[in-house]
Amino acid sequence: MLLTLTTTRKPATDLGYLLVKHPGKVHSFDVPTGTAYVMYPEATDERCTAALMLDVDPQRLRAQRDAFELSQYVNDRPYAASSLLASALAKVFRSALRGASKDRPELAATAIPLEVRVPVLRGTTDLVTRLFAPLGWAVTATPIPFEAELGGGSRYVDLTLTGELRVADALNHLYVLLPVLDDNKHYWVAPDEIEKLLRSGEGWLAGHPEKVLIARRYLAHRRSLATTALQMLEADLPPATEEEAELPVPRRAPLAEQRREAVLAAITEVGAARVLDLGCGAGALLTALVKDRNLTEIVGADVATRSLEQAERKLHLDRLPERQKDRIKLIQTALTYRDDRLRGFDAAVLMEVIEHVDLPRLPALEAAVFGHAKPGAVIVTTPNVEYNVHYEGLTGMRHSDHRFEWTRAEFARWATATAERYGYTVTVRGVGEADETTGAPTQLALFKVVSA
């Protein structure tokens, strides 16, 4: 799928500074559903166009919220702009969405002539106009017909927006309204989506005539979330005093971030210098580990070569100085088999891994990790299934690939039995904001080997 952003404000190539992407290069980024590219099909002083192209990997669609057995083959996701494109936009244009530009701060705060083109977008001419026109855009939404032999119109339009806006405003409009038009988010919508909506909608959403529709669709028709968002928009809050305006605004960290911080704290607690990230995936934890200068050796292990390739790109291993590169190693291995390369480490992490293993295979993982590799400490995190009642509309497990999810009592029993079997002590704690009845959303076990 494709989105282009064009300006004719001279020198037009300053668009590269606003997007923090050099016009002379092709930039690529790994995203959960494929690879995003940013390139410039034209870049002159008179006219500059940045193109965001998302190459969707059909195999990865199986893990998405709306997946069905053949959904990686029978769908419009690789072609029609959707929440997948909005997520890619948020990742690759993060600074531009905030309106931040180190090189052109004055230009970032200035409205400039812009043209946005989305060649294939799910929606009708009427709805697209109702959403974008109140924001200062001139809207041209041309219906895309079916092939002549089929006759009739499709549910897609070819969209062109023209106007004079700040680049940050244009990107935030797209970030919110592409998923609204898609009306079928590819990921589970949690309460923290309210914060994303209000942050991206700051300055325009409260006064938008379609704000109710926008809130409902953006929040996947979860009535309680939409109601909360609309109440926050309508709240008549007094303006902040000068003293209050200077104070930092508290932000509730996403659960994934809290989980990583809890794991990093546990690594620090045991004083580890050599660490294994078992089932490292695309490298979410590895990127945090490499920032810790106290770690002298970091090994990421995963059974999937594609995940290891993503981790390698995420870590930018090809650009690191040799001394830094020598600290990090990526290896392919199955965690249910004994591997001598995993022996002798101070700590091993299994972050959101065990629930992806079939229960009959879990003893093999225990034997390979706790018995054969025998690190000085093992840190395990996994979902707390009791907390799932707080996710409105969730009827199954949190992820389609989960083989099981445990209650706090079940996890504690497993952790205690595993510790006794392999010569460890264990403590179990919650991660994330805890509920009095159901506990925290994530549970963490810290195993420490018993010295001989």
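These numbers were taken from a predicted model, which means no experiment stands behind them.
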Q: Hey, does the side chain of T4 reach the backbone of A50 with a donor-acceptor pair shorter than 3.5 angstrom?
A: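 It does not hold such a pair.
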Q: Decide, yes or no, whether a salt bridge links R313 with D318 under the criterion of side-chain N to carboxylate O below 4.0 Å.
A: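 Looking at R313 and D318, the cut-off is not met.
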Q: When you measure from the side chain of T125 to the backbone of A141, do you find a donor-acceptor pair of N or O atoms at a distance under 3.5 Å?
A: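 Here the side-chain-to-backbone pair exists.
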Q: Is there a salt bridge (charged side-chain N to carboxylate O under 4.0 Å, His left out) between D182 and R122? Walk through the geometry before answering.
A: CA-CA 6 Å; D182 176 33; R122 194 185 288 187; 3.5 Å; yes
Q: What's the shortest heavy-atom distance between A272 and L295, and which atoms?
A: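 Smallest interatomic distance, heavy atoms only, reads O-CD2, 3.3 Å.
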Q: Show your reasoning for whether side chain to side chain contact (heavy atoms under 4.5 Å, CB included) applies to L181 and L159.
A: CA-CA 12 Å; L181 287 159; L159 174 66; 5.6 Å; no
Q: For the residue pair A273 and D346, what are the closest heavy atoms and their distance?
A: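 Scanning both residues completely, I find the closest heavy atoms to be N-OD2, 2.9 Å.
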Q: Minimum heavy-atom separation for R398 and E405, please, with both atom names.
A: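 Where R398 meets E405 most closely, the heavy atoms are N-OE2, 2.8 Å.
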Q: For K196, is there an ion pair with D192 - N to carboxylate O distance below 4.0 angstrom?
A: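 Salt bridge between D192 and K196, a charged N being under 4.0 Å from a carboxylate O: no.
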Q: Between the main-chain N or O of E193 and the side-chain N or O of Y218, is there a donor-acceptor pair closer than 3.5 Å?
A: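 Judged by distance alone, no pair lies under 3.5 Å.
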Q: Which atom pair, heavy atoms only, marks the closest approach of F345 to L276?
A: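 Shortest heavy-atom separation between F345 and L276 comes out as CG-CG, 3.6 Å.
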Q: Looking only at atom types and distance, does a side-chain atom of D302 sit under 3.5 Å from a main-chain N or O of G281, one as donor and one as acceptor?
A: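 Yes.
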Q: Using a strict cut-off of less than 4.0 Å between a Lys/Arg side-chain nitrogen and an Asp/Glu carboxylate oxygen, indicate whether E309 and R306 qualify as a salt bridge.
A: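 No, E309 and R306 are not salt-bridged.
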Q: Can V157 and T142 be said to form a side chain to side chain contact (heavy atoms under 4.5 Å, CB included), step by step?
A: CA-CA 5 Å; V157 297; T142 305; over 6 Å; no
Q: Is R217 salt-bridged to D183, cutoff N-O under 4.0 Å?
A: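 Looking at D183 together with R217, the answer is yes, because their closest N to O distance falls below 4.0 Å.
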Q: Taking everything shown except R94 itself, do over 12 heavy atoms lie less than 6.0 Å from its CZ?
A: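 Counting other residues, nucleotides and ligands, CZ of R94 stays at 12 neighbours or fewer.
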Q: CG of L89 to CG of N172: how many Å apart, nearest 0.5 Å?
A: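 Between L89 CG and N172 CG, I get 8.5 Å after rounding to 0.5 Å.
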Q: For the residue pair Y387 and H390, does the interplanar ring angle fall in the parallel (under 30°), tilted (30 to 60°) or perpendicular (over 60°) class?
A: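 Plane angle between 30° and 60°, so tilted.
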Q: Side chains of L5 and L19: closer than 4.5 Å at any heavy-atom pair?
A: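 The answer is yes; the side chains approach within 4.5 Å.
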Q: May I ask you to check whether T162 and E115 show a side-chain donor-acceptor distance below 3.5 Å?
A: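 No pair is found: no donor N or O on one side chain lies under 3.5 Å from an acceptor on the other.
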Q: In terms of heavy-atom contacts, does NZ of K91 have more than 12 from other residues, nucleotides or ligands at under 6.0 Å?
A: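 Counting neighbours around NZ of K91, more than 12 heavy atoms of other residues, nucleotides or ligands fall under 6.0 Å, so yes.
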Q: Could you walk me through whether R341 and V299 satisfy the side chain to side chain contact (heavy atoms under 4.5 Å, CB included) test, starting with their C-alpha distance in whole Å, then the side-chain angles of each, then the deciding distance to 0.1 Å, before giving a yes or no?
A: CA-CA 10 Å; R341 295 174 296 175; V299 173; over 6 Å; no
Q: Could you go step by step and tell me if L18 and I112 meet the side chain to side chain contact (heavy atoms under 4.5 Å, CB included) rule?
A: CA-CA 11 Å; L18 299 182; I112 62 175; 4.1 Å; yes
Q: Taking atom CD of E202 as the centre, does the number of heavy atoms from other residues, nucleotides or ligands within less than 6.0 Å exceed 12?
A: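 For E202, atom CD is not crowded (no more than 12 foreign heavy atoms under 6.0 Å).
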Q: So does L197 get a backbone contact from the side chain of S200, meaning a donor-acceptor N/O pair under 3.5 Å?
A: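 Absent.
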Q: Taking all non-hydrogen atoms of both residues into account, name the closest pair between V349 and L285 and its distance.
A: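 Residues V349 and L285, closest heavy atoms: CG1-CD2, 3.7 Å.
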Q: Do the charged groups of D45 and R47 touch, with an N to O distance under 4.0 Å?
A: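 Result for this pair is no, no salt bridge flagged.
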Q: With a 6.0 Å cut-off (strictly less than), is the heavy-atom count around CZ of F404, excluding the residue itself, greater than 12?
A: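 Yes, the 6.0 Å shell around CZ holds more than 12 heavy atoms from other groups.
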